Amino acid sequence: MIYFDSAATTFQKPECVYHAVSSAMRTMSSPGRGGYDSAMKAADCVLDCRLALAEMFHVAEPEQVIFTHNATEALNIAIMDLAKPGERVLVSGFEHNAVTRPLYAIGAKIETFGFKLFDNDTLLREFRAKIGKAGLVVCTHVSNAFGYILPIVDIADICRENHVPLIVDASQSAGVLPLDFQKLDAAFAAMPGHKGLFGPQGTGVLLCRDTPKPLLFGGTGSDSKNPNMPDYLPDRLEAGTHNVAGIAGLLAGCRWVMDQGSENILRHEQKLMRLFLRNIDSHPKIECFAAQNVSDQSGVLSLRLRNMDAEACAEKLSDRGVAVRAGLHCAPFAHTSAGTINEGTVRFSFSPFNTTGEVLEAAQILMDFAG
Amino acid sequence: MYLLLCKSLTYAQRSARVLEQKGIGAVVVKAPAAAQANGCAYCVRIAEKNRMNAKQILEASGLPPQRVFRMEHDTLTEVTE
């Protein structure tokens with residue numbers, strides 16, 4: 001199989017991740033419960049992962065690094081803490097349902113900025129015009145559907161100037177693009193462990209500037225007589241048993257990313273995306289959504305065929321051994337902005353484990369049945 | 001020996017690591033029932049001779065213990081300064 005769906009989850013992991021998960025399952029029990037060897041080993045692993053993530057994202061204290069089960073849970077914690085019913089919340093035109101659905105559920109008034117793909121100047125102009133009355137901003141760093149890299153540093157600066165809290169969805173940028181949590185001064189940054197950080201599924205991370213309300217209530221292995229959740233991090237946000245094997249894998253994945261260098265990973269993915277684009281762009285029946293400047297787009301490319309719907313195209317590719325995702329990618333806002341809401345797109349998303357050969361082979365397959 | 005009660009497991013681990021880095025032997029242990037105000041807590045266990053030094057190091061690191069106990073012959077006595 002040629003796997004081009006890393007934006008959904010990175011299927012191919014570094015060997016060290018498989019090893020770490022297996023080793024954790026054999027040697028670690030639950031941290032924060034007992035005081036025996038396997039419990040303390042688990043506790044050390046969990047702390048090491050917090051420390052690695054704190055280093056990677058420039059977080060002041062490891063307690064500010066919270067483990068969740070995915071980015072969706074992380075975003076829910078952040079949004080449920082800051083958004084209020086009836087309050088104006090600004091989101092980009094490229095947000096995922098993990099951002100918009102919690103906002104709808106709370107009854108926030110969602111207002112959108114930035115509808116043009118790969119146009120940061122227009123996006124920032126619209127953002128400056130609309131931030132005045134916003135109570136909160138939630139913004140993706142990179143569009144999962146189109147790979148559009150939003151100017152998150154500028155957005156954070158504008159939020160700070162206007163004293164409006166910011167939640168960053170780093171689902172598609174963690175592990176490939178720099179994210180300095182302290183410099184951004186965002187209230188929260190949410191990310192999955194199982195995409196660009198190469199951890200297993202069932203892992204997510206929330207970076208917290210302050211101490212928010214918990215989303216989940218239960219045992220924390222601390223302050224047990226207290227009927228309320230502890231008022232300190234990380235315990236306040238981590239009720240229940242940790243996914244220790246997952247966190248062990250996430251730790252191995254983070255270390256691997258730091259060894260490789262996220263900038264090298266991004267360069268490789270962008271190179272593959274551009275190679276794929278060059279090999280298919282001239283086909284009259286294929287419409288690609290690509291930035292003029294390489295720096296405006298990650299290793300994700302969406303396209304559509306003029307004579308075939310996206311799901312049919314993805315099915316044909318799957319029959320020929322190429323794995324992609326078609327449809328709306330849980331991001332109807334993004335597809336509305338791009339004008340593809342009716343039928344969606346076919347998304348190709350690359351990883352450091354993909355090769356030039358795979359890209360050329362997939363391009364040929366697509367050209368063959370594009371007609 | 002002395003037990004430094006910490007507000008969370010994570011704090012206890014960080015405290016132990018800081019002390020170890022400074023050459024003070026430190027082990028994270030579950031707090032004895034008598035040391036727990038609210039149930040379920042973790043301590044850092046250190047040798048008596050290192051108590052004052054450990055206290056200074058942890059305070060300088062932003063990790064002051066919540067409470068300090070002296071453990072002798074299974075008897076726990078809180079130390080207040």
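Chain naming here is simple, since letters A, B, ... match the order of the sequence lines and numbering starts at 1 in each. Bear in mind the structure is a predicted one, so any value in this text is a computation, not a measurement.
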Part of R17(B) lying under 4.5 Å from any heavy atom of chain A | side chain
Heavy-atom neighbours of M25(A) CE exceed 12 at 6.0 Å = no
Cut-off 4.5 Å, heavy atoms of chain B, and the answer for D235(A) is side chain
Does M40(A) reach the side chain of L9(B), with side-chain heavy atoms less than 4.5 Å apart?
-> yes
What distance separates S8(B) OG from R236(A) CZ, expressed to the nearest 0.5 Å?
-> 14.0 Å
V29(B) portion near chain A, given a 4.5 angstrom heavy-atom threshold = neither
OG on S222(A) to NZ on K7(B), rounded to 0.5 Å = 10.5 Å
Crowding at CD, E20(B) (>12 non-hydrogen neighbours, <6.0 Å) = yes
Report the option among T220(A), D48(A), L233(A) that has the most heavy-atom pairs separated by less than 4.5 Å from atoms of chain B.
-> D48(A)
Expected output: side-chain K30(B) to main-chain R33(A) donor-acceptor under 3.5 Å | yes
Quick one: pull up SG in C40(B) and NZ in K225(A) and give me the separation to the nearest 0.5 Å.
-> 9.5 Å
For Q13(B) and A43(A), indicate whether the former's side chain and the latter's backbone hold a donor-acceptor pair under 3.5 Å.
-> yes
Over 12 foreign heavy atoms within 6.0 Å of NE2, H19(A) = no
Scored by heavy-atom pairs under 4.5 Å with chain B, the best of P230(A), G34(A), P234(A) is G34(A)
Any chance CG of D37(A) has more than 12 other-residue heavy atoms, nucleotides or ligands included, within less than 6.0 Å?
-> no
So which part of R50(A) gets closer than 4.5 Å to some heavy atom of chain B, the side chain, the backbone, both or neither?
-> side chain
Just give me the residue among G32(A), P31(A), G35(A) that pairs up with chain B most often, heavy atom to heavy atom, under 4.5 Å.
-> G32(A)
Interatomic distance, OG1@T10(B) vs CD@E61(A), rounded to 0.5 Å, equals 11.5 Å
